[in-house]
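Questions regarding the structure given below will be posed in turn.
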Amino acid sequence: MRFAPFRLTARAMSDRKTLHAAFAAKVDAVLAALEAEGVLPAGVSRANVTVEPPRDASHGDLATNAAMVLAKQAATNPRALAERIVEHLGRDAQIESAGIAGPGFINMRLADSAWRREIGAIAGLGSDYGRSAMGAGQRVNIEYVSANPTGPMHMGHCRGAVVGDALAALLEFAGHEVVREYYVNDAGGQVDVLARSAHLRYREALGEDIGAIPEGLYPGDYLKPVGEALAAEFGDAHRDRPEGDWLPLFRERAVAEMMALIRADLALLGIHHDVFASEAELQRAGKPEAAEAWLREHDLVYDGLLEAPKGKTPEDWEPVELPLFRSTRFGDDQDRPIRKSDGSWTYFGADLAYHMQKAEGADALIDIWGADHAGTVKRIKAAVAALSEGAGGRTIPFDVKLVQMVQLLRGGEPVKMSKRAGTFVTLADVVREVGKDVVRFTMLTRKPEAQMDFDFAKVVEASKDNPVFYVQYAHARISSTLRKGAAEGVAPAPDALDRLGGEELALVKQAAQFPRVVEAAAQAREPHRIAFFLYDLAAAFHAYWNLGNDDPAKRFIVAHDNELTAARLFLAAQIGQVIRNGLALLGVEAVEEM
RNA sequence: GCGCCCGUAGCUCAGUCGGAUAGAGCAUCGGAUUCCUAAUCCGGGGGCCACAGGUUCGAAUCCUGUCGGGCGCACCA
C-alpha cells in the first residue's frame, strides 16, 4: 500500500503528531462527528479528503476539500455541508477562524498559540524534527552509482550518485531501513580490457617502451600506478606469459585498484555505500544458474530464437537460439536472452539474479540509472515482476529512477570530452574546482528526470543564481546572530514566545512545512523537493531579516529588551535547526559563517 | 520505425492525488545599507502552461493524437 501523507488514513493518525497531522486529525474527528449526527451517511469514504496548506497563503493556514468531496455522498451541496463542518471546527480553541470559500473549500486560520507551540516542538526534537515513522518496518534497498570499475568517476556518474545518496538519506529520515548498494560489474568484457590495459602498463613499469596505447585499450594515465604496483609485486614473472595465465589475476588486481579509486571519488562527495556487490562473486556463487532454474521451472525462461530488434534489422542479422526470459509477458517489447551463445551470462542474466538476491533482503528496491540505460528498464522491471509473482504473491515494489544527462558548460560553451583521448572531466576535478556542497546542491535543484546544464562559471558564482549559497547564507546569518547575542549576554529562551507576532510566526509557518515536505518527498522519492523547501525557508528568513533594516525594533537583537531578544534568538535557533536538518538530508554542510 | 524522458515568463526551473487569481531565480526597470553579514530585501513590467481534441463541478496536472528536444533500441555494459 502506498502511503499518502495527510490523507485522513488511520496510518496518518497513528503517526507522531506534527502540527499538520494534528489538524488533519481534527478535521477527521469533525467528519466522524457529522457521521454520528447523521449528516454524513455511515461509513462514508474519507479517502479523498485532504488537509493541506492552500497555495495562496492569504486563504489561511490550512484548507480542506472535505465538503466538495463528500457533498455528493451526503446528498447535499458543498457549501451547505461546509457550513456544518465549519460550525464544528469553530469550536476548537486552536482554530482561530474557519471559513468557506470558492466552490466549497474550508479555510482555517490557526491560533498563534499553535504556531508558538511548534517552535517548542522543533527545539524539543532538534535534529529529529521532520523525522517520520512513515516507512517504519520497511527495508529499502537502493542501488546507485554502480559505475563500471574501469576508471575514475567522471561527471556522467555524478548526478545519479548525488540523487541516490540524497534519496537514501531521505528515506532513512522518513523511517525506512535503508541499504545503500553498489553493483560492481567486474565480470564482463570491459574488465578483461582493463586487465590487458593494466598488463601494458605493467610492461611499461618494467622499462619497456610501449608507445601509443593501442585502439581498444584504456589509455588513461590512472592505470600507470596500477602497472607499477603489479611490477613491484610480481617483477617480470608475468611479462612474457600468455594472456590466459595472468588475465584473471590482473583483472582482480586492477578492479580492486579501480574500486579504491572510485570509493575515494565518492568519498569526496560524502558518499559511502553499505554493500559493494560483485557480479563475479554472484556468478561464482551460482546465483544466475539458480535464477535460471527457478525461471525455467515457472516457464519464464525457454530456449528460443532471438528476434531482430524492433524496426531495424542489421545487415548481418542471424537468428540464434538462446535461453530467453519471457519479459514480453510483463510488458517488454521482446523476450531477452539471459545467456550468450558461448553459454556465459549476459549482463541482463546476471542482473536478473542480482535483483533476485537484493529482493531477498528487502521489502522494496530502487535503482538509480543513467538515462542512457532507459532501454533496459522494461526488462529488469519484468524480471522483478516475475520474481514477485513467483515469491508466493509477495509483490516487490521496484522503482527505476532514470537520471537524465548533465551537459557540462563553461561560460555557456560545452566542455569537450573524448573518452578515447582520455579527456573526460572527472568528478574529482569538478569537486576540487567548485566544492562538494555546490556539486551536491546543484544536482538537486532540478527534478532528476529533466535534463540539466552544469555551468562551471555559474555554479561557483557566490552571489547570484546559486541557491546553495543563498541557503547557507541564511544559516550563517543565524549563527552569527546567535554569536552576537551570546556576546551581549542574551541566550535564546522560550520564556516569552508570546511576544512573537505575525511576522515571526510567518517564519514558523514556513519551517513547520518541513515534516510534510519530508514525507511527500520520500513518498514521491524526489529529494529535490527538500532543496526547494530550503530555498523557500531561506527566502522567508532573509525577508524577515531585512525588516530590521528599516526598523531596528524588528531585529533579532533588540536593544534594552532582553526578553524579546531571547525569544527571537530562540526562534532563529529553531529556523537554523530546520535548515540544518534539511541540508543534512542533502549532504550539504550548514556553515557557521561565510 | 519503436520505446522512455522532457516541453510552464526573454533564460534556468518549481508547481503537493485534479482545486481557488499558475509561482520563484536570472535578466530588465525603480527603490532600500549610520544596521545582528546588502552574498540580502521591497516594488514594476513580462504567460494561448508546445498544439488539438477528450474526461468533470473544476485540467499546467489525467487520457488520445500532433509537433519539437533529449536518450535508447543485438549475445555490449
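Note that this is a predicted model, so its numbers are computed, not measured. A note on names: the letters A, B, ... follow the listed sequences, proteins ahead of strands, and every chain is numbered from 1.
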- line: Ordered by number, residues from residues 535-544 of chain A within less than 4.0 Å of RNA chain B (heavy atoms) are A/Tyr535, A/His542, A/Ala543
task: Between B/C63 and B/A39, how far apart are the C1' atoms? Round to whole Å, please.
output: 47 Å
- request: Would you give the length of the straight line joining atom CZ of A/Phe348 to atom OG1 of A/Thr376, rounded to the nearest 0.5 angstrom?
  value: 9.0 Å
message: When the P atoms of B/C36 and B/G31 are compared, how many Å lie between them, rounded to an integer?
response: 25 Å
query: Could you give the CD1-to-C1' distance, from A/Ile478 to B/A39, as a whole number of Å?
result: 15 Å
field: Partners meeting side-chain contact (heavy atoms from CB on, under 4.5 Å) with A/Ala374 (sequence neighbours left out)
entry: A/Leu402
message: Wobble G-U and Watson-Crick pairs count when both distances are under 3.5 Å; given that, what is the 5' to 3' dot-bracket string of RNA chain B, with | for pairing to other strands?
response: (((((((..((((.....[...)))).(((((.......))))).....(((((..]....))))))))))))....
- prompt: Expressed as a whole number of Å, how far does the C1' atom of B/G46 sit from that of B/C6?
  reply: 24 Å
query: Quantified in whole Å, what is the P atom distance between nucleotide B/C11 and nucleotide B/G30?
result: 23 Å
- prompt: How far apart are the C-alpha atoms of A/Tyr544 and A/Phe556, what are their side-chain angles, what is the distance that settles it, and do they pass the ring pair (Phe, Tyr, Trp, His ring centres under 6.0 Å) test?
  reply: CA-CA 10 Å; A/Tyr544 178 75; A/Phe556 283 96; 5.3 Å; yes
- prompt: Out of curiosity, A/Glu52 CD to A/Asn65 CG, how far, rounded to the nearest 0.5 Å?
  reply: 7.5 Å
message: At less than 4.0 Å, is any side-chain N or O atom of A/Trp545 found next to OP1 or OP2 of B/A38? Yes or no.
response: yes
message: Run the salt bridge (Lys or Arg N to Asp or Glu O under 4.0 Å) test on A/Lys358 and A/Glu181 for me, step by step, so that the C-alpha distance in whole Å, both residues' side-chain angles and the decisive distance to 0.1 Å come before the verdict.
response: CA-CA 9 Å; A/Lys358 283 196 291 188; A/Glu181 196 150 331; 5.8 Å; no
message: Does A/Thr346 contact B/C75 through a side-chain donor or acceptor facing the base, at a distance under 3.5 Å?
response: no
- prompt: Which residue pairs pass the side-chain hydrogen bond (donor to acceptor under 3.5 Å, both in side chains) test with at least one member in residues 188-197 of chain A, sequence neighbours excluded?
  reply: A/Asn148-A/Gln190, A/Asp192-A/Arg251, A/Arg196-A/Glu243
Face-to-face contact A/His59 to B/A20 six-ring, under 5.5 Å, under 30°: yes
task: Report the distance from atom CG of A/Leu194 to atom P of B/A77, rounded to the nearest whole Å.
output: 14 Å
task: Tell whether A/Arg516 reaches the base of B/U16 with its side chain through a donor-acceptor pair below 3.5 angstrom.
output: yes
query: Over how many whole Å does the gap from A/Arg529 atom CZ to B/C17 atom P extend?
result: 7 Å
query: Should A/His528 be listed as having a side-chain N or O under 4.0 Å from OP1 or OP2 of B/G15?
result: yes
- request: Mind jotting down which residue pairs meet the salt bridge (charged side-chain N to carboxylate O under 4.0 Å, His left out) criterion with at least one end in residues 536-554 of chain A? Sequence neighbours excluded, please.
  value: A/Glu503-A/Lys554
query: When you check the phosphate oxygens OP1 and OP2 of B/C36, does a side-chain N or O of A/Arg555 lie under 4.0 Å from one of them?
result: no
task: Can you tell me the distance, in whole Å, between the CG atom of A/Asn65 and the P atom of B/G19?
output: 9 Å
query: With respect to the phosphate group of B/C76, does any side-chain polar atom (N or O) of A/Lys340 fall under 4.0 Å of OP1 or OP2?
result: yes
- prompt: Out of B/C75, B/G3, B/C5, which nucleotide sits closest to the side chain of A/Gln404?
  reply: B/C5
query: Which value, in whole Å, describes the distance between the P atoms of nucleotides B/C42 and B/C26?
result: 11 Å
- prompt: Is the distance from OP1 or OP2 of B/A74 to the nearest side-chain N or O of A/Arg336 less than 4.0 Å?
  reply: no
- prompt: So does A/Lys447 pair up with A/Glu526, basic N to acidic O under 4.0 Å?
  reply: no
Inter-nucleotide P distance (B/G7, B/G18), Å rounded: 16 Å
query: Phosphate oxygens OP1/OP2 of B/C41: is one of them under 4.0 Å from a side-chain N or O of A/Tyr470?
result: yes
task: State whether A/Lys484 and A/Glu488 are salt-bridged, where the test is any N-O pair (Lys NZ or Arg NE/NH1/NH2 against Asp/Glu carboxylate O) under 4.0 Å.
output: yes
message: In whole Å, measure the gap between the C1' atoms of B/A32 and B/A20 for me.
response: 34 Å
Rounded C1' spacing from B/U61 to B/C41 in Å: 33 Å
statement: Residues pairing under salt bridge (charged side-chain N to carboxylate O under 4.0 Å, His left out) where one sits in residues 368-385 of chain A, two or more places apart or in two chains, turn out to be A/Asp333-A/Lys378
